[in-house]
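First comes the structure, then the notes that go with it.
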Amino acid sequence: MLSVATWNINSARLRLPIIEKYLEMQGPDVLCLQEIKCQEHQFPADALAALGYEHQAICGQKGYHGVATVSRVPIREVTRHDWQANGEARHVGVEVVDREVGGKNVRIDNVYVPAGGDEPDREKNPKFGQKLDFLERMTDWAKSLDVPTLIVGDFNIAPLESDVWNHKQLLKVVSHTPVEVETLERFQKAHGWVDIGREHIRDPERYFSWWSYRSKDWRVNDRGRRLDHMWASPEFAARATGHSLLEDARDWEKPSDHIPLVTEFDI
DNA sequence: ATGCCGGTGTCACACCGA
C-alpha cells in the first residue's frame with residue numbers, strides 16, 4: 001500500500017498548522033506540496049520530520065513558487081527540471097525506495113506549472129508563452145520516460161468542461177483556453193498518462209480543486225476549477241485503488257485556495 | 001468577474017496568483 005497526496009499550499013511557513021492537521025488526519029505516505037514560497041533553509045523541515053515525514057526533497061526559492069515532497073517512506077531525489085528555462089523552482093522528482101511496478105522502482109514527479117498571466121496570447125503576454133513552452137518541455141521529457149511514474153501537482157489547467165464552474169465563460173480565461181487544453185493533451189499522449197482523478201470521479205461529474213479567494217461564499221457560489229492533477233503511467237495507474245478530495249480543507253483556518261487530493265495504490 | 005482576497009518582500013507599497 002502506498003498513498004500519495006498533492007496540495008498547492010500557498011506558503012508552507014504560513015500554513016504549517018494546517019499541513020500538520022492534514023498529515024495527522026489523513027496520514028498519506030507521501031505529500032507533494034506546491035507554492036511553498038520559501039527557500040530550502042526556510043522550509044518547516046523539522047516540524048514535518050517530527051510527524052514522521054523525515055524523507056524530504058525540497059526545491060525552493062525566495063518568495064514565490066517552490067515545491068517539496070515529504071515522505072514517511074524512504075525516497076531518493078532524482079531530478080529537478082527547469083522546464084521554463086528561467087531558474088524558477090517548479091519541479092522535483094523522487095524515486096520511492098523498494099516500491100516497484102513491473103520490476104522497476106516507481107517515481108513521483110511533483111510539478112507547479114506556471115499560471116500563465118492574464119492574456120491568453122503569447123505575443124501580448126510572455127508568461128502565457130512560457131507556460132506553453134514549459135508544457136512542451138514536459139512533453140519531451142515524458143516521451144523519454146521508461147520507468148513507472150506518477151506526476152502530480154498544480155497543472156494550472158482545467159481541461160474538461162466539467163472541470164470548471166462555467167465552460168463558456170472560461171473559454172478565454174487562462175487555465176481553460178483551447179490552446180492550453182490541446183497542449184496538455186499532447187503531454188498526455190506523449191506517455192499515455194492516465195488521469196487518475198477522472199478515473200475515479202468520472203466526467204461529467206463536478207470535480208474542482210481550487211476556488212479563488214476573491215469569490216466570497218465559495219461553497220455557495222462554487223466557482224471552482226480542477227487545476228490540480230494526479231497522472232500516472234498506465235501500469236502504475238492500474239494499481240490505484242482509491243482517490244479522494246478533501247473539500248473541507250478549503251474552510252480550515254487560514255486556508256489555501258487549493259485543496260488536497262490523495263490516491264491509494266496497491267504497491 | 002482583470003477583481004471584492006491573500007501570499008512575499010521591503011518598508012507603503014510592488015509583484016504574483018488564475
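Given the structure is predicted, the values throughout are model-derived calculations rather than measurements. In what follows, chains carry the letters A, B, and so on, assigned in the order in which the sequence lines appear, proteins first and then strands, with residues in each chain numbered from 1.
Residues passing the ring-ring contact (aromatic ring centres under 6.0 Å, His included) test with A:Phe208: none are found, sequence neighbours excluded. Shown here are the side-chain contact (heavy atoms from CB on, under 4.5 Å) partners of A:Thr183, two or more places apart in sequence or in another chain: A:Leu132, A:Leu135, A:Glu136, A:Val179, A:Arg186. Residues passing the ring-ring contact (aromatic ring centres under 6.0 Å, His included) test with A:Tyr53: none are found, sequence neighbours excluded.
Taking Ile, Leu, Val, Met, Phe, Trp and Tyr as hydrophobic and joining them when side-chain heavy atoms fall under 4.5 Å apart, one finds A:Tyr64 isolated, its cluster having no other members.
Rounded to whole angstrom, the span from the NZ atom of A:Lys168 across to the C1' atom of B:dA1 amounts to 18 Å. Computed from coordinates, the A:Glu253 CD to B:dG6 P distance equals 12 Å when rounded to whole Å. In this structure, the CZ atom of A:Arg223 is 12 Å from the C1' atom of B:dG3, given to the nearest Å. In this structure, A:Trp210 places its CH2 atom 13 Å from P of B:dG6, rounding to the nearest Å. If you measure from atom CG of A:Leu170 to atom C1' of B:dA18, you get 10 Å, rounded to the nearest angstrom. What separates CH2 of A:Trp165 from C1' of B:dA1 is a distance of 7 Å, to the nearest Å. As rounded to whole Å, 11 Å separates atom C1' of B:dA18 from atom CG of A:Asn8. At whole-Å resolution of the value, CD1 in A:Ile36 and P in B:dG17 are 16 Å apart.
Using atom C1' as the reference point in both B:dA14 and B:dA1, the two lie 23 Å apart (nearest Å). A distance of about 15 Å separates the P atoms of B:dC16 and B:dT10, rounded to the whole Å. Atom C1' of B:dA12 sits at a distance of 23 Å from the matching atom of B:dT2, rounded to the whole Å.
If you check every strand for non-hydrogen atoms under 4.0 Å, A:Asn156 touches sugar and phosphate atoms only. Residue contacts for A:Glu119: at a heavy-atom cut-off of 4.0 Å it reaches no nucleic acid atom on any strand shown. Residue contacts shown for A:Phe128 are absent, as no nucleic acid heavy atom lies under 4.0 Å away. Counting any heavy atom pair closer than 4.0 Å across all strands shown, A:Asn166 reaches no nucleic acid atom.
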**Fill in**
With sugar-phosphate taken as primed atoms, P, OP1 and OP2 and all else as base, the protein-contact string of nucleotides 7-16 of chain B at under 4.0 Å (heavy atoms; B, S, -) is BSSS----BS
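Proximity of A:Thr69 to A:Gln56: side-chain heavy atoms (C-beta onward) are nowhere separated by under 4.5 Å.
Positionally, the nearest nucleotide of DNA chain B for A:Lys216 lies more toward the 5' end than for the other of A:Leu227 and A:Lys216.
In this model, the phosphate group of B:dG17 is not approached by any side-chain N or O of A:His258 to a distance below 4.0 Å at OP1 or OP2.
The list of salt bridge (charged side-chain N to carboxylate O under 4.0 Å, His left out) pairs with a residue in residues 254-267 of chain A, not counting sequence neighbours, is empty.
Taking 3.5 Å as the limit, the base of B:dA18 and the side chain of A:Asp257 contain no donor-acceptor pair of atoms between them.
The backbone N or O of A:Leu245 sits nowhere less than 3.5 Å from a side-chain atom of A:Tyr207 that would complete a donor-acceptor pair. When atom types are taken as modelled, the side chain of A:Asp109 and the backbone of A:Ile151 share no donor-acceptor pair closer than 3.5 angstrom.
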